[in-house]
Amino acid sequence: MSWLPELQHYVLLATALFFIGLIGVLTRRNAIVIFMSIELMLNAANLCFVAFSRYLGSPVGHLFSFMVMVVAACEVAVGLAIIVLIFRERRSVNVDDVNIMRW
Amino acid sequence: MHSVSYLQYIPLFPLLGALLCAVLGPRLKPAAVGALATVMVGASFAVSVAAFFEVRSGHQALQTVLYTWNALGGLTVDVGFLFDQLSAVMALVVTGVSTLIHLYSIGYIAHDRSPWRFFSYLNLFVFSMALLILGNNLLVMFVGWEGVGLCSYLLIGFWYDGWMKEPGGQRGMANSVAGMKAFVVNRIGDFGFLLAIFLIVVTFLPKVADGRVLDFAVLRALMEGGIPSGIGLGIITTICLLLFVGATGKSAQLPLYVWLPDAMAGPTPVSALIHAATMVTAGVYMVARMSFFYIQSPTAQLVVAGVGAATALFAATIGLVQRDIKKVLAYSTVSQLGYMFIGVGMCAYSAGVFHLTTHAFFKALLFLGAGSVIHGMHEEQDIYRMGGLKKYMPLTYWTFLVATIAIAGIWPFAGFFSKDEILWQAFNYHNEVFPEAGRVIWAVGLTGALLTAFYMFRLVALTFWGPERFHEVLHGKHPHESPWTMTLPLTVLAVLSFGAGWLAMPHIWGPNLFHHWLEPAVAALPPVGGHHSGPGLEWGLMILSMGIAGLGIASAMGFYRQDAPLPTRMKAAFPGLYRVLYQKYYVDELYDTAVIRPLVSVSRGFLWKFFDVNVIDGTVNGLASAVRLCGMALRRLQTGLVHTYAYFIVLGALAFVFYVMMMLSKGL
């Protein structure tokens, strides 16, 4: 009989993913990397949804995870377009170079 | 009280007329606008006549309540109209004289820039005046009261870019300033009126079940059996005096008469209608309307009659020496209003209101005649530059003469009956506070009558008789008679000035119809026993006052007939007296120094330069700079760097999670 992961394992994994993503967002300067980190955080949330859905025997969590994927796809489409425009403008995707929206 | 459904049309026709003139007027011919306005006022007169006959046949007052205006805190006020015997007299006089003056104005204002504006204001005035006299409660009356003040202001300053001309030819007060003066002085009086309304509400509201405490009928019923218990005589006297403050403003009595002579800046029909015949009598009407208060308070009666007598004499003395034809008539109006207040002050309400009626006829006629003269003289108003106009303007002359004889009080013209009735009532008046008051007022009134006869015949002599002095101002042109729209009203008014007196005959001759008519509408003093004088005395007094008037007329004719040197010699003999009179006792200068200048300097130095600039503007600007300072400090947070925002988002999320955990742990 092989080992099967319990709920808490999924939650721990999701937490770890979430914080990896969070630290990535806060520390990296490259917009693309920040984007990838955000995707990590979204997927951490998805993992939680699916795990709880299974645990509670309810399909709602699955639905939500699809929802999150759709939103994430949209976000990538818009976000990458912005990044491309920023790159054309500044020849860089370093977010520290983009600071004209201040006092 | 009989309810009818048509009284509102008396004010509504002129209101409609005012709106139509204002909207359609600029597209119409001047004569068409005038005709429209005249027809509207005429319609209102027709409704008044119909209502008058219904009152006469039914022997009871009519009432129309349109709707409840407001009901607040136990106080209920309706928009309602009351047409009793007193309102009937006022409504007939106001709408009747207004119709004639509107007709007259068609010719007078034809060549003006904006006749439609004139007729719109004039109709608006009739609307306000109708509200004032027909309102069945004090608040509706007050709306009319303010409305006529507004129209007076608008019409005095009708030629807003013009100036009054001093008799010497130099520029006088600006018309718009004269308008403002009238408005401000009236506001002072209105403030007293308003305080009186407040005091009535506060005093009588607990005694009225349905909250209609401002209704004349309700108040009158409360006062029917004397002052209700729990209310002191002092309160009633205060109410009366505050109301009288309002009356002194509107009806140009001492000390608030100063606006009326300057109101002559307006077009002459306005002077005739508003500043002689109707609006200025509003105070007299109001005192008569509130008669049930005044009969309770001897002090208030004394004040009203005393102020009236003082004004009658004071204004008459100024009228003796003025050179502007309209100024003479203006001071004459102030003086005659004083007589009306003598009448209503001594609770002889029918005498006061009858003088109001006859005065409306002859003073409107005098002003319209003066307007005709000014029109014919190409806008010259200085009587020292007229003379001999009799030949050129016969109809104006004869009607003017009728009015002059009427105001001088010669039998059988209307002024004789009304003025003599007032003097007779004064002679018999008994006041508890000051028993001799009646005789003193009678003597003052008689002196005033002498002066009236004198200054009026001086005016006629200088204007229509004697040598022609107008050639230098008219440059070869001749004065001309006015068109029929102007002379027809003169004729009608002349007939009324001649014949209206018979409505109120002295009781030794016959029935005093006017007195009997008015009896149900006004309160009456209980008769004082052992005080009534016999018919012999009444005959004697009548002959005395006729003699006095005759003396005034004779001396004026002797003084001014053939350009005699006597006036010049008198002027030289008493230069000080002449100057004081000519400068109107320096009252305007006194007010200027004592009231206006201090007020202006306080307003400017303290209220504006200190209070407005430092306190009010300081508060507003201070708030603005405080907000600005906060903004300066907080905008440092906006770094423009995505990371900073991300940190704050994370911090916020953490704080939120922390908060939820706290709550959960507390709840579990």
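No experiment lies behind these values; they were computed from the predicted model shown. Here is the naming used below: chain letters follow the sequence lines, and residue numbers restart at 1 for every chain.
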A/Met69 CE: over 12 foreign heavy atoms closer than 6.0 Å: yes
Beyond-backbone contact of B/Val650 with A/Leu26, side-chain heavy atoms, under 4.5 angstrom: yes
Select one option (side chain, backbone, both, neither) describing which atoms of A/Arg28 are under 4.5 Å from chain B's heavy atoms. backbone
In terms of heavy-atom contacts, does OH of A/Tyr10 have more than 12 from other residues, nucleotides or ligands at under 6.0 Å? no
Check this for me: A/Gln8, atom CD, are more than 12 non-hydrogen atoms of other residues, nucleotides or ligands nearer than 6.0 Å? yes
Any residue of residues 30-66 of chain A which, by heavy atoms, sits under 4.5 Å from chain B: A/Ile34
Count the heavy atoms belonging to other residues, nucleotides or ligands that lie under 6.0 Å from CZ of B/Arg597, then report whether that count exceeds 12. no
More than 12 heavy atoms of other residues, nucleotides or ligands under 6.0 Å from CZ of B/Arg604: is that the case? no
For B/Trp69, is the CH2 atom crowded, meaning more than 12 foreign heavy atoms sit under 6.0 Å from it? yes
Test item: B/Val642 and A/Val98 side chains (from C-beta on) under 4.5 Å apart, heavy atoms: no
Side-chain contact test, heavy atoms from C-beta onward, threshold under 4.5 Å: evaluate it for B/His643 versus A/Asp96 and give yes or no. yes
With a cut-off of 6.0 Å (strictly less than), are more than 12 heavy atoms of other residues, nucleotides or ligands near OH of B/Tyr121? yes
